[in-house]
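Residue numbers start from 1 in every chain, and the chains themselves are labelled A, B, ... in the order their sequence lines are given, proteins ahead of strands. Remember, it's a predicted structure, so these values are computed and weren't measured experimentally.
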Amino acid sequence: MCSAEALPKKLESKISGLDSPDFRAVLDALPVAVYATDQAGIITYFNQAAADLAGRQPELGKDRWCVSWELRRSDGSILPPDECPLTQTLKQGRAVRGSEIVAVRPDGTMVPILPYPTPIFDKSGMMTGAINVLVDISERKGSEVESRRQAELDSRYLAAIVESSDDAIVSKDLNGIITSWNKGAEHLFGYTANEVVGKPITILMPPGHEDEEPHILDRIRNGVRIDHYETKRQRKDGSLVDISLTVSPVRNATGRIIGASKIARNITEQKRAEELMQARLREQASLYRLTEKLHRAKGIEEVYDAALDAIRAALNCSRASILLFDQSDTMRFVAWSGLSEHYRHAVDGHSPWTSDARDPDPIFVKDVAEADFSDDLKATITSEGIAALGFIPLIAGGRLIGKFMAYYDKPHVFSETEICLGLTIARQLGFSIQRIRAERARQLAEEQLRRNEANERARAAELQAIMEAVPTPIWITRTADCRVIEGNRSAYELLHLPSGSNLSFSAPADERPSGFQTFSAGRMLSADELPVQRAARGEEVENFEEEIRFADGKSRHLLGNATPMRNALGEVTGAVAAFIDITERKQTEEALRESERRLKMALDAGRMGAWEWNLQTGRVIWSPGLEVLHHLDPGTFEETLSDFKRDIHPADLPAVEQAIEKALATREDYHVAYRMRLLDGTIRWMEAFGRFSPPESAAGERLVGICMDITERKEAEAQRDLLVAELSHRVKNTLATVNSIARQSFSTNPDARDAQRSFDARIRALAQAHTRLAEARWSGVSLQSIFSDELAPYRNEDVDNISLDGPPTTLPPKHALTLGMAAHELATNAAKHGALSVKAGRVSVDWAVDPVENRLSIRWNETGGPPVSPPSHNGFGRLLLERVLASDLGGDVRLEFASHGLNCTIDVPYLRGAE
Amino acid sequence: MTESEGCRVFVVEDEFLVALQIEDDLVAAGYVVLGPFTTLQGSITASREQKFEVATLDLNLRGEFVYPLVDELLERGVPVLLLTGYTAADLPERFRALPRLAKPFDGPELIRQVESLLAAR
């Protein structure tokens with residue numbers, strides 16, 4: 001059929017005269033539906049084909065716009081008659097083509113039709129009406145007609161597509177002159193079709209892209225299509241637009257290339273999106289790198305380096321730093337890039353947040369010049385060349401640990417993306433710092449644990465060694481039932497059992513130890529009463545004393561503790577007991593008690609007391625016995641040195657003090673004897689011995705000793721001294737007497753031999769008196785024995801020539817000696833010259849004591865002897881009798897030389913019992 | 001013996017045989033002997049009544065010591081010769097330095113002691 005290009009633009013008015021009969025007949029006969037309307041759309045003519053197509057008989061002058069009963073669009077929707085293609089023709093004054101519609105008949109059948117409304121103008125050019133041809137296209141399928149119609153439809157569709165496309169679709173000829181320009185092009189480039197059709201395409205070329213067009217045209221001429229060539233074009237307003245260009249050659253029917261169609265798509269948004277995508281990718285990559293590095297980081301420095309890199313990449317800053325709170329909660333630089341030392345020092349410690357800030361927000365300073373900083377700070381920041389900065393808090397474990405800083409050389413508006421990235425990096429960094437710190441803590445803890453384990457192994461080995469080495473027996477059981485009890489070496493040695501054997505009496509009978517039994521307080525203990533067993537029941541056994549008695553009768557005394565061993569739950573899992581062997585101590589204690597008992601006995605018996613003087617404390621301790629010696633009630637001694645000195649006799653105190661000083665100075669034994677004067681006036685002699693305790697003694701240096709009452713001894717000594725002196729006195733006096741006797745004997749007797757005999761006899765008489773005195777222990781000699789002794793040699797029992805008569809009278813020594821000598825002289829004289837010189841002579845001695853006058857009277861009577869006469873000279877006998885007796889005894893001696901013999905009367909003072 | 005001529009010696013000695021010998025020796029040497037006195041009381045009384053240049057004193061007069069007399073004589077400036085069997089240690093401290101003749105003694109020794117006491121008078 002007709003192509004769009006072939007359709008006449010206008011029908012000449014000369015054919016609008018439908019009234020012409022021939023023309024009308026032709027129209028009536030046409031198999032194609034034709035109808036005509038006036039300019040108002042009122043149907044003025046229709047042919048039979050039109051009535052057939054419509055399925056009704058249109059009413060001339062009444063139906064309007066269309067002959068059909070109803071119209072629908074090709075999509076099935078109702079097409080109002082006043083919008084049908086003919087209506088458009090009338091309204092627009094132009095032919096309308098290509099609008100395929102559907103006519104609906106009154107019987108419901110539908111016919112797809114293609115209307116060809118064409119306006120009718122008169123000669124003046126006024127539109128007088130329109131003529132419409134309705135072509136029934138329902139029969140076109142599969143036919144050439146249909147194919148061509150389809151091609152036309154396609155073309156129209158394409159045109160519609162072109163027209164409605166948002167893409168700019170432009171055609172140009174091979175000279176580059178624009179031949180078509182769709183709405184999309186208008187929209188994209190700002191030029192209307194009228195403005196650019198017929199103009200060179202190069203008006204769209206921005207500076208720098210001028211040589212693109214010849215290149216494109218060359219390719220088109222060669223039939224080469226250009227697909228999606230991305231370039232820039234300039235809009236009418238001068239702005240640039242990113243486009244994607246597809247250029248295809250256009251050929252005519254003969255295949256010759258006559259031009260090109262260009263489809264330009266605005267890709268500015270896409271470009272931007274792509275750039276954003278690129279940025280995202282970069283950021284993602286930086287985050288990815290950060291994550292990777294952080295993950296691999298072995299040390300905190302690597303974490304800082306990775307974080308600084310990521311900060312700079314993600315926040316597009318030139319410099320960055322990381323600061324953390326130190327132990328004093330002061331913010332300190334820990335890592336940085338591109339910051340001077342001066343700057344770091346100047347702002348060190350500066351922080352918008354304190355360490356206890358909760359969830360602080362990041363702070364972004366887009367322009368330091370306008371920031372609310374102090375002048376100093378601002379000057380410092382500015383002098384470092386920083387124009388903008390960001391503070392991003394670092395949180396770890398819910399706590400602010402520091403911040404990182406992003407520094408910009410120019411003022412910087414922080415985008416949402418940067419902020420988000422900053423926070424993401426901060427989270428990563430905070431987490432990594434925490435991870436590194438935790439890792440370090442874990443390593444330290446592991447190291448500590450390793451050390452602890454090693455230490456514990458060493459401790460355990462030490463404990464084992466100690467247990468084996470200690471000389472103290474140890475028992476250990478590792479179960480609460482004490483079925484097995486082991487010991488250390490000392491325990492096995494003590495019990496004479498092989499090392500490793502079971503020491504438990506709670507064991508089965510055949511495993512129990514033998515050879516010993518355990519006693520306490522004299523009673524044998526059952527297995528359950530043993531200290532380990534008690535501890536294994538949870539009891540703390542302390543200071544338990546037991547005795548191990550062996551089969552051979554020996555025994556050992558032990559003192560010790562047993563304690564339960566518990567697991568972490570506090571359950572008893574065993575017990576351990578450690579004892580010390582106190583056998584020696586017990587023996588020592590027993591010996592000490594015995595020794596103390598003996599000492600007390602000795603002290604009591606010897607009237608002794610013990611004392612102790614602590615040189616450090618000055619305290620003096622007395623035994624009860626010493627208090628007794630001092631006539632003090634027990635416990636009343638006031639335990640001071642002055643209390644002790646108070647009892648000392650003032651005359652002896654200097655000697656005692658001197659002895660103490662000497663002992664202190666020399667540390668030699670203390671020994672002193674002194675008198676004490678007790679409160680009741682008693683004087684007692686005391687002797688004290690003291691010895692210093694070893695100075696290393698824990699109780700401090702002490703002088704320890706005894707004190708004994710030596711009064712009796714002193715008195716005995718005095719007595720002895722007196723006796724010795726007395727003896728000396730008497731011996732010497734006796735010798736002096738002997739001396740005198742000798743002189744008298746020899747000087748008064750010219751006959752040397754006679755003198756010698758007389759002297760010997762006198763000495764014997766003196767000796768005899770001494771013998772008697774000695775026999776009576778110098779307490780006195782009986783008067784009778786004095787005379788009996790001297791007269792014994794001359795006694796003749798046959799004639800009874802000697803008689804002694806008088807009361808028993810004891811003579812004191814002096815009397816005995818002097819009277820002894822006198823008796824000797826009398827007896828000797830009687831034997832030589834008197835009564836005893838003849839057989840018939842007799843000597844009678846009688847004596848009497850006058851108790852009133854206290855005088856002793858002795859009478860010596862000789863009878864029957866030769867006649868006597870007074871001696872011619874004073875011999876020794878007479879001297880002795882007359883002068884010595886008188887002088888020595890204060891007596892009175894009378895010698896009467898009667899014819900019948902000598903009478904001698906001796907009258908001396910005598911006090912009975914005076915001796 | 002011109003020096004001893006007329007010199008009186010106060011003799012205290014309770015052992016008459018010893019006193020006899022002292023007396024003999026002193027008289028032989030030209031001294032005049034006062035005494036011998038045999039008791040403490042008697043000798044003290046006599047010493048106060050009589051004049052003498054020197055005294056020989058036995059210490060122990062039947063159990064009584066002659067010390068009161070010694071003190072009295074020393075007070076009076078009379079030289080004293082102790083005649084005793086006691087050793088120095090048996091004497092009271094104050095008498096230990098006095099001239100002493102231990103019994104038994106011989107005559108010449110006694111005379112020499114008495115002479116030296118008189119010479120030092």
Side-chain angles (χ1 to χ4, degrees), chain A residues 717-718 720-748 759 762-763 766 778 812-815 817-822 825 874 876-891 893 908-909 911 914-915, chain B residues 11-28 33-43 45-46 56-67 81-93 95-96 100-111:
Chain A
E717 282 174 5
R720 188 199 63 201
D721 290 348
L722 203 65
L723 283 173
V724 168
E726 185 64 25
L727 183 63
S728 171
H729 162 73
R730 290 186 184 183
V731 166
K732 290 174 178 174
N733 259 3
T734 305
L735 290 173
T737 304
V738 170
N739 197 24
S740 184
I741 291 169
R743 187 187 288 189
Q744 295 298 332
S745 300
F746 291 103
S747 65
T748 57
F759 175 72
R762 286 168 180 150
I763 296 304
L766 188 61
W778 289 75
K814 180 69 180 168
H815 288 63
L817 286 173
T818 307
L819 283 173
M821 285 193 289
E825 293 302 323
N874 279 345
F876 176 73
R878 192 166 177 179
L879 172 77
L880 185 86
L881 288 169
E882 290 182 342
R883 296 187 58 185
V884 173
L885 269 177
S887 171
D888 286 1
L889 300 183
V893 179
V908 295
L911 194 62
E915 198 62 24
Chain B
V11 175
V12 178
E13 172 59 64
D14 67 338
E15 201 74 46
F16 187 76
L17 282 171
V18 179
L20 197 62
Q21 190 179 342
I22 293 169
E23 186 180 355
D24 288 352
D25 289 339
L26 287 173
V27 169
V33 171
L34 303 182
F37 302 96
T38 58
T39 64
L40 178 61
Q41 192 54 50
S43 56
T45 306
T56 69
L57 306 175
D58 180 18
L59 277 181
N60 188 332
L61 302 175
R62 297 182 199 167
E64 281 185 310
F65 284 90
V66 78
Y67 303 138
L81 176 63
L82 299 180
L83 303 175
T84 177
Y86 293 106
T87 63
D90 298 327
L91 304 183
E93 179 83 36
F95 302 135
R96 288 180 189 167
R100 195 175 70 251
L101 201 54
K103 291 180 182 175
F105 49 86
D106 65 2
E109 178 66 21
L110 172 67
I111 301 305

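- The CG atom of A:Leu817 sits 11.0 Å away from atom CG of B:Leu17, with the distance rounded to the nearest 0.5 Å.
- Within the 4.5 angstrom heavy-atom criterion, only side-chain atoms of A:Ile741, from C-beta onward, approach chain B.
- A:Glu825 meets the side chain to side chain contact (heavy atoms under 4.5 Å, CB included) test with A:Arg762, A:Phe876, A:Leu880; sequence neighbours excluded.
- Taking 4.0 Å as the cut-off between side-chain N and carboxylate O, B:Asp106 and A:Arg743 do not count as a salt-bridged pair.
- A:Leu735 places none of its side-chain heavy atoms less than 4.5 Å from the side chain of B:Lys103.
- Considering CG of A:Asn739 and CZ of B:Phe105, their distance stands at 8.5 Å, rounded to 0.5 Å.
- Using a cut-off of 4.0 Å between Lys/Arg side-chain N and Asp/Glu carboxylate O, A:Lys732 and B:Glu15 are scored as not salt-bridged.
- Not counting sequence neighbours, the partners of B:Arg96 by the salt bridge (charged side-chain N to carboxylate O under 4.0 Å, His left out) test are B:Glu93.
- Taking chain A as the reference chain and counting heavy-atom pairs below 4.5 Å, the highest number among B:Asp58, B:Thr38, B:Asn60 is found for B:Asn60.
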